[in-house]
Amino acid sequence: MKTSETLAFECETGNYHTFCPISCVAWLYQKIEDSFFLVVGTKTCGYFLQNALGVTIFAEPRYAMAELEEGDISAKLNDQRELERICLQIKNDRNPCVIFWIGTCTTEIIKMDLEGIAPILEKRLGIPIVVARANGLDYAFTQGEDTVLAAMAHRCPEYKHYAEQESIEHATLVKNSSNSKDISQKKVLTKSNLVLFGSLPSSVASQLNLELKRQSVPVSGWLPSQRYNELPHLGKGVYVCGVNPFLSRTATTLMRRRKCQLVGAPFPIGPDGTRAWIEKICSIFNIKAEGLEERENQIWKKNKDYIQILGGKSVFFMGDNLLEVSIARFLIRCGMTVYEIGIPYMDKRYQSAELSFLQHTCEKMKKPSPRIVEKPDNYSQVQRMHELKPHLAITGMAHANPLEARNIDTKWSVEFTFAQIHGSSNARDVLELVTRPLRRKDGFTSNSRSLSKQTLGN
Ligand code: SF4
């Protein structure tokens, strides 16, 4: 791969702070409206969920803990019977269309056979049970979603090869239409069978759908879909494209197990990333993308006020959510220098287009290439930060206040996971987040329309 020759990759001890991947239930239960998530773990997992997910726990959320007891660990109780009892209760109380079992560290260590029990109970209760091992032993934070989507990919209905489908549609079209231009246009559309994967709020997903529709690329489905029985058809002849950098297992499952074709593109974060993402998808379907350059320029112009604040400043990513490379690339394009990109796990194949784009952006903006540190060591990172003195550190909550006390401005990294950061029109939200601590420090004021004033004073 070209990028590895120029970008410096390192790997440290993996001694870093991040959220446990079971936190993915927080956004997935909201995305898949008819689902229920059952986390099978201990009080440790329960405490984490309760604290991390804050007020949602008072809103009768569609997730719960199946808390393991002494008897479960020592196998005095029967796992299957216990889970059946709990799932029956969920079925009666909430009547979901699917139950997700989220495996944890404990179920791994005691080797609870969740994958073996699920099909038995699925038949008995008459409700699909999908098992995802989103544990803290193997994964970090957003990778939890990756394990859930990879498990869901197996449940998507089979897609009939487009040649068959196309001939049927073509025949009906010829019958109904006398216009040959109409026919060839429709032919292109039926060929572009595109499924996007990654969980995004519906409004953001519609924005991306619309951006692609403008280029005559219809999106045939999303993984995950809003409802479990609307899962997209997958199979040979279906193109899949990810919207998030942490979905490498899902991508592999879609390619290897479901025989889909992966479109490797940079991720639609920032106007530059969104444009590159759309262009790549269009190129796969032999469509010439139109009007993207003007649209990108418009967004840069619209956000000039924020970009001015970032120009010439430096940033250090401690790394905990796998969105780091895409956000760093966007910030370099805004004129920042990135010293280090910490990242829990780097799949160079899945992220290759993004990495090349990062390299290209550094060259274009005449900025040094950042070092990419996989499995970072937070202690060493803090030492490096003391030497480099970046203007901003993007970090978890554990280090934010201590760093602030040592005169380094910080931004909580977790906010990027929950904010709407995809697509051109959301670029402003990312900039709003990144510039907030810098504005606070500089006492920055602007006449601009929507620079948020709410946080300037505090
Ligand atoms: S790291 Fe393991 S034990 Fe801790 S909350 Fe996550 S799954 Fe539970």
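Every value quoted in this text rests on a predicted model; they were computed, and no experiment measured them. Just so you know, residue 1 is the first one in the sequence shown, and it goes up from there. In each ligand, atom 1 is the first atom listed, and ligand 1 is the first ligand listed.
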Please verify the inter-ring angle class for Phe141 with Trp27; under 30° counts as parallel, over 60° as perpendicular, anything in between as tilted. perpendicular

Give the ring-plane orientation class for His17 versus His399, where under 30° counts as parallel, over 60° as perpendicular and anything between as tilted. perpendicular

Determine, using ring centers only, whether Tyr139 and Phe246 are less than 6.0 Å apart. no

Have a look at Glu324 and tell me which of Val338, Val373, Ile343 forms a side-chain contact (heavy atoms from CB on, under 4.5 Å) with it. Ile343

What protein N/O/S atoms are found closer than 2.8 Å to atom 2 (Fe) of ligand 1? Cys105 SG

Heavy-atom count check: over 12 atoms from other residues, nucleotides or ligands less than 6.0 Å from Arg133 CZ? no

In sequence, state the C-alpha distance, the side-chain angles, and the governing distance for Asn193 and His233, and then conclude on side-chain hydrogen bond (donor to acceptor under 3.5 Å, both in side chains). CA-CA 10 Å; Asn193 203 329; His233 290 246; over 6 Å; no

